[in-house]
Asks: 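Next up is a structure, given as structure tokens.
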Amino acid sequence: MTPTERTAYLEAADRVKWKPADYFRETPVSEFFARPAPLVLDLGCGDGGFLLAMAKRHPEENFLGTERLVSRVEKVARKIARAGLSNARIVELESHYTVRWLLPAACATTVYVLHPDPWPKRHHHPRRLIQAEFMAAVHRVLAPGGELCVQTDDKPYFQWMEKVFAECPQFERTDWHVQADWPQTDFERDFIEKGLPIYRARLRKV
Ligand SMILES: C[S@@+](CC[C@H](N)C(=O)[O-])C[C@H]1O[C@@H](n2cnc3c(N)ncnc32)[C@H](O)[C@@H]1O
């Protein structure tokens with residue numbers, strides 16, 4: 001890569017990052033995706049493997065990833081720029097805050113939460129993402145009939161989630177049949193290779 005090409009590539013990666021103009025108000029989706037299209041969220045997108053694979057497979061949709069670790073945000077932004085995807089962006093922000101305060105109501109068709117940090121120690125459980133308040137925030141950003149898809153490799157966390165979901169009458173559980181072309185995340189692949197189960201829940205906004 002020539003120095004000029006590298007500069008252009010780094011600028012493209014920088015443009016992929018959505019940096020809200022104001023972190024204290026709801027932002028119209030048109031501010032980060034000029035093209036109107038169904039919006040899919042990948043909360044805690046990690047290395048972006050799932051986000052990129054989905055964006056490549058579904059050019060008719062827009063994909064926004066959230067990630068709080070700056071190093072991962074940088075890497076994902078570069079991968080998106082390298083792939084030349086105009087329908088994928090990433091924001092360096094806490095997931096709950098993003099859906100509670102930043103995104104407008106009813107803006108998303110699907111919200112994915114894949115392998116959220118399990119916080120196994122009891123005194124860390126309040127840090128878990130899946131909580132009643134988070135469910136209310138997800139309900140707010142989902143369009144009517146929109147879906148929340150959650151998957152984890154951590155059984156105790158899944159049992160915790162099941163209790164949270166049971167107390168959310170604003171969602172109904174539906175079946176989740178994993179399609180043959182489902183893009184596995186690194187975490188998912190690791191666990192499947194070790195023969196360990198993946199726990200999944202799909203909930204539709206009522
Ligand atoms: C266990 S990894 C899973 C990554 C990816 N979803 C996957 O399945 O490969 C969890 C990721 O979520 C990020 N994360 C955890 N809590 C978060 C939060 N509250 N807001 C934004 N990102 C978060 C972590 O930094 C990490 O990259």
Side-chain angles (χ1 to χ4, degrees), residues 16-33 36-48 50-52 54-55 58 61-70 72-73 76-77 80 87-119 125-152 157-158 160-174 176 185 187 200-206:
V16 162
K17 288 180 266 173
W18 170 39
K19 293 168 216 144
D22 184 343
Y23 285 82
F24 300 101
R25 69 166 174 86
E26 271 183 27
T27 307
V29 176
S30 57
E31 204 168 287
F32 50 96
F33 279 116
L39 177 67
V40 177
L41 306 177
D42 181 9
L43 303 182
C45 66
D47 71 356
F50 179 79
L51 184 76
L52 267 96
M54 290 295 275
H58 299 281
E61 294 176 318
N62 288 332
F63 291 82
L64 177 69
T66 64
E67 176 52 56
R68 66 177 171 196
L69 287 185
V70 65
R72 291 193 181 159
V73 172
V76 174
I80 294 173
N87 64 332
R89 298 198 71 181
I90 182 161
V91 62
E92 184 200 331
L93 209 54
E94 201 277 321
S95 299
H96 186 181
Y97 185 88
T98 309
V99 289
R100 173 72 183 86
W101 298 109
L102 211 57
L103 296 176
C107 67
T109 55
T110 312
V111 174
Y112 288 102
V113 180
L114 305 178
H115 303 269
D117 291 343
W119 294 108
H125 286 181
R127 299 184 189 178
R128 286 177 164 173
L129 184 63
I130 307 293
Q131 311 265 357
E133 298 76 19
F134 173 75
M135 294 301 290
V138 170
H139 188 267
R140 190 187 76 81
V141 292
L142 279 174
E147 290 182 340
L148 168 67
C149 298
V150 183
Q151 88 176 21
T152 179
Y157 192 11
F158 192 66
W160 159 288
M161 292 178 188
E162 299 263 28
K163 285 189 196 148
V164 174
F165 299 154
E167 287 174 16
C168 288
Q170 65 272 45
F171 285 96
E172 64 184 8
R173 282 288 281 273
T174 64
W176 183 348
T185 76
F187 277 85
R200 296 187 174 90
R202 181 173 169 204
L203 298 100
R204 183 174 301 133
K205 173 172 173 166
V206 182

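All of these numbers come straight from a predicted model, not from anything done at the bench.
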Asks: Can you confirm whether Val141 sits close enough to Thr98 that some side-chain heavy atom of one is under 4.5 Å from a side-chain heavy atom of the other?
Replies: no

Asks: Can you list the residues that meet the side-chain contact (heavy atoms from CB on, under 4.5 Å) rule with Glu133, with sequence neighbours excluded?
Replies: His96, Gln131

Asks: Listed by chain and number, what are the side chain to side chain donor-acceptor pair (under 3.5 Å) partners of Glu147, not counting sequence neighbours?
Replies: Arg202, Arg204

Asks: With side chains defined as the heavy atoms from C-beta onward, is the minimum distance between Thr27 and Trp18 less than 4.5 Å?
Replies: yes

Asks: Just how far is it from atom NZ of Lys19 to atom CD of Glu92, taken to the nearest 0.5 Å?
Replies: 10.0 Å

Asks: Going by side chain to side chain donor-acceptor pair (under 3.5 Å), name the residues that satisfy it together with Arg140, two or more places apart in sequence or in a different chain.
Replies: Glu26

Asks: For Val16 and Ala77, which heavy atoms make the closest approach, and how far apart are they?
Replies: CG1-CA, 3.9 Å

Asks: Drop me the distance from Phe63's CZ to His58's NE2, to the nearest 0.5 angstrom.
Replies: 5.5 Å

Asks: Roughly how far apart are Leu102 CG and Asp22 CG, rounded to 0.5 Å?
Replies: 8.5 Å

Asks: Quick one: list whatever passes side-chain contact (heavy atoms from CB on, under 4.5 Å) with Arg173, sequence neighbours left out.
Replies: Phe158, Glu162, Phe165, Ala201, Leu203

Asks: So, using side chain to side chain donor-acceptor pair (under 3.5 Å) as the criterion, who are the partners of Lys205 when residues are at least two apart?
Replies: none

Asks: Apply side-chain contact (heavy atoms from CB on, under 4.5 Å) to Ala37 and list each qualifying residue two or more places apart in sequence or on a separate chain.
Replies: Arg35, Asn62

Asks: Is the closest side-chain heavy-atom distance between Thr66 and Leu93 below 4.5 Å?
Replies: no

Asks: Give every residue pair that meets the salt bridge (Lys or Arg N to Asp or Glu O under 4.0 Å) criterion with at least one member in residues 93-110, sequence neighbours excluded.
Replies: none

Asks: Given side chains that start at C-beta, do those of Leu64 and Arg89 come closer than 4.5 Å, heavy atoms only?
Replies: yes

Asks: His125: what forms a ring-ring contact (aromatic ring centres under 6.0 Å, His included) with it, not counting sequence neighbours?
Replies: Trp160

Asks: Flag the pair Thr152 / Pro118 as yes when at least one side-chain heavy-atom distance between them is below 4.5 Å, and no otherwise.
Replies: no

Asks: Could you list the residues that satisfy side chain to side chain donor-acceptor pair (under 3.5 Å) with Glu31, not counting sequence neighbours?
Replies: Arg25

Asks: Rounded to the nearest 0.5 Å, how far does CG of Asp42 lie from SG of Cys149?
Replies: 11.0 Å

Asks: Does Trp119, at its CH2 atom, have more than 12 non-hydrogen atoms belonging to other residues, nucleotides or ligands within less than 6.0 Å?
Replies: yes

Asks: Does any pair with a residue in residues 103-118 pass side chain to side chain donor-acceptor pair (under 3.5 Å), and if so which ones, sequence neighbours excluded?
Replies: His115-Gln151, His115-Asp153

Asks: Can you name the residues that form a ring-ring contact (aromatic ring centres under 6.0 Å, His included) with Phe187, not counting sequence neighbours?
Replies: none

Asks: Shortest non-hydrogen contact from Ser95 to Leu43?
Replies: OG-CB, 3.6 Å

Asks: Hey, does Phe134 have a side-chain heavy atom less than 4.5 Å from the side chain of Val164?
Replies: no

Asks: Can you tell me how far apart CG (Asp47) and CD (Glu67) are? Round to the nearest 0.5 Å.
Replies: 9.0 Å

Asks: Which heavy-atom pair separates Ala88 from Ala55 by the least distance, and what is that distance?
Replies: CB-CB, 3.8 Å

Asks: Answer yes or no: is there a donor N or O on one side and an acceptor on the other, between the side chain of Tyr157 and the main chain of Ile130, under 3.5 Å?
Replies: yes

Asks: Phe33: which residues meet the ring-ring contact (aromatic ring centres under 6.0 Å, His included) condition with it, sequence neighbours left out?
Replies: none

Asks: Testing the basics here: between Cys45 and Gly65, what is the closest heavy-atom pair and its distance to 0.1 Å?
Replies: SG-CA, 4.1 Å

